[in-house]
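Let me begin by presenting the structure, written as structure tokens, before commenting on it.
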Amino acid sequence: MAELKNDRFLRALMREPVDITPVWMMRQAGRYLPEYRETRAKAGSFLDLCKNPELACEVTLQPLERFPLDAAILFSDILTIPDAMGLGLYFGEGEGPKFERPVRDKGAIHALGVPDPEDDLGYVMDAVRTIRRALNGRVPLIGFSGSPWTLATYMVEGGSTKNFALSKGMMFDRPDLMHTLLDKLADAVTRYLNAQIAAGAQAVMIFDTWGGTLTPRDYKEFSLAYMQRIVAGLTRESEGRKVPSILFTKGGGQWLEAMAETGADALGLDWTTDIGEARARVGDKVALQGNLDPCTLYASPESIRRAVGDILESYGKGSGHVFNLGHGIHPEIPPEHAAAMVEAVHELSGPYHE
């Protein structure tokens with residue numbers, strides 16, 4: 001593999017010194033870019049785009065051609081694992097993800113197998129290898145997965161949900177069944193992320209999109225415990241350097257201390273938590289990633305620059321900060337506003353690293 005020319009993202013995750021604060025964006029390869037929309041149209045559908053390693057590579061690299069980002073993230077979807085378990089993933093027009101065969105009873109859950117990453121999810125590993133070759137050491141590549149709890153909600157509900165009636169209903173009524181499902185998913189995610197690392201991912205992130213909908217007690221039992229197990233099972237070193245892991249629970253700001261005890265190297269923050277206060281709470285245990293409100297990017301470049309400056313100032317001096325949005329970039333954001341954010345991070349962060 002080519003030598004890494006820009007490793008400040010990996011160094012910041014390990015809280016090692018950097019020259020400026022590294023920056024990337026969740027969902028940086030996405031609909032806000034006209035070139036992404038063109039490639040997606042060429043692919044035929046979102047799922048076809050995910051399953052075509054050459055086109056997945058193309059869209060992964062598109063934001064790097066536009067902005068001097070410090071990391072690339074594999075273009076894929078969090079629902080690849082349930083799809084490989086045979087649930088029949090499809091995307092209704094304007095409706096988001098759906099499953100033909102949701103799992104709602106003991107028989108369905110016990111029948112689930114743990115997918116073989118190179119066999120059942122080979123297209124993802126092919127995409128990782130293709131992207132690494134194309135990056136040629138330009139910036140690190142991030143691999144990722146959904147968290148067991150987040151995947152379980154989609155699998156039980158059969159798609160997106162506002163009130164989690166079926167998944168929380170199972171959790172309260174049949175915690176044994178929910179634990180059986182989460183157990184299989186934790187094994188699947190660990191194998192999946194380790195296969196991504198073997199294929200060339202240089203850092204991995206777990207997206208716990210729906211952990212923040214749980215009570216503190218349920219979060220620890222049904223979400224955090226399984227993420228901790230995954231972190232413990234991850235490959236820690238590859239190609240002669242550490243492979244950092246990032247945990248991100250949207251709406252999880254109240255549980256940072258518990259998350260910092262998992263062994264993960266970094267925690268993602270949404271925009272509802274002050275990053276300076278978060279740093280004071282977790283100390284030197286973990287790096288922090290975040291956490292500009294994505295809606296800031298609707299505002300003028302001057303306002304964006306001011307908001308970036310506020311977050312950098314709140315975090316303060318020293319390494320351990322990866323600048324990011326507090327969630328994915330919205331499809332209607334003008335690309336030049338994303339450019340203003342990236343530019344502001346690089347221009348304003350130097351003095352914090354002297």
Side-chain angles (χ1 to χ4, degrees), residues 40 43-53 55-56 74-127 143-196 206-211 213-214 218 221-223 225-227 229-230 250:
R40 178 168 165 172
S45 74
F46 174 72
L47 215 45
D48 289 334
L49 179 52
C50 288
K51 293 188 176 184
N52 182 319
L55 294 182
L74 162 70
F75 181 80
S76 187
D77 190 75
I78 63 167
L79 298 179
T80 50
I81 287 176
D83 184 41
M85 287 175 153
L87 272 59
L89 176 65
Y90 67 100
F91 286 80
E93 199 49 56
E95 283 185 330
K98 302 258 191 200
F99 285 114
E100 289 167 16
R101 294 173 289 281
V103 293
R104 292 175 183 159
D105 57 42
K106 186 177 175 180
I109 288 171
H110 282 279
L112 290 172
V114 173
D116 180 293
E118 281 292 354
D119 189 11
D120 306 314
L121 288 157
Y123 65 91
V124 178
M125 305 315 142
D126 288 342
F144 73 92
S145 173
S147 72
W149 168 253
T150 294
L151 298 180
T153 64
Y154 286 101
M155 293 167 73
V156 176
E157 302 287 343
S160 303
T161 177
K162 281 198 164 66
N163 58 8
F164 302 89
L166 298 167
S167 41
K168 285 192 176 184
M170 180 187 289
M171 178 185 82
F172 292 130
D173 271 340
R174 289 295 309 270
D176 57 319
L177 269 191
M178 182 53 84
H179 279 305
T180 301
L181 177 56
L182 293 168
D183 200 52
K184 289 189 179 193
L185 286 168
D187 285 351
V189 171
T190 306
R191 290 175 66 174
Y192 183 54
L193 290 177
N194 282 340
Q196 288 182 36
I206 300 172
F207 284 88
D208 185 31
T209 315
W210 300 124
T213 65
L214 294 166
D218 293 333
E221 182 180 346
F222 292 94
S223 182
Y226 290 96
M227 292 197 288
R229 203 170 100 191
I230 292 162
K250 185 167 182 275

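Scope of the values below: all heavy atoms of this structure, side chains included, with no hydrogens, waters or symmetry mates.
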Checklist outcome for this item: Given the options D218, D208, T213, S223 meets side chain to side chain donor-acceptor pair (under 3.5 Å) only with D208

Quick one: [atom1] on [X] to [atom2] on [Y], what's the gap to the nearest 0.5 Å?
X    : Y    : atom1 : atom2 : result
L181 : W149 : CG    : CH2   : 9.5 Å
R191 : I230 : CZ    : CD1   : 13.5 Å
L112 : L87  : CG    : CG    : 6.0 Å
Y226 : D183 : OH    : CG    : 5.5 Å
F144 : I78  : CZ    : CD1   : 8.0 Å
L151 : K184 : CG    : NZ    : 14.5 Å

Considering non-hydrogen atoms only, spot the tightest contact between [X] and [Y] and give its length.
X    : Y    : value
Q196 : L74  : OE1-CD2, 3.7 Å
G158 : P102 : CA-CB, 3.8 Å
M155 : P82  : CG-CB, 3.6 Å
K168 : L214 : CE-CD2, 4.1 Å
L47  : L89  : CD2-O, 3.6 Å
Y123 : C50  : CD1-O, 3.4 Å

Checklist entry - When you look at M125 and Y192, which way does the side-chain contact (heavy atoms from CB on, under 4.5 Å) test go after all the steps? => result CA-CA 9 Å; M125 305 315 142; Y192 183 54; 3.6 Å; yes

With a 3.5 Å distance limit and no angle check, can you tell me whether [X] reaches the backbone of [Y] through a side-chain donor-acceptor pair?
X    : Y    : value
D77  : T80  : no
R40  : L49  : no
S167 : V156 : no
R174 : K106 : no

Next on the checklist: Counting C-beta onward and ignoring hydrogens, is there a side-chain heavy-atom pair between L182 and F222 closer than 4.5 Å?
Outcome noted: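 A side-chain contact exists here, since the closest heavy-atom pair is under 4.5 Å.
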
Checklist entry - Using 30° and 60° as the class limits, which term best fits the ring planes of Y154 and W210: parallel, tilted or perpendicular? => result tilted

Checklist entry - Passes side-chain contact (heavy atoms from CB on, under 4.5 Å), R229 versus D187? Steps please. => result CA-CA 9 Å; R229 203 170 100 191; D187 285 351; 3.0 Å; yes

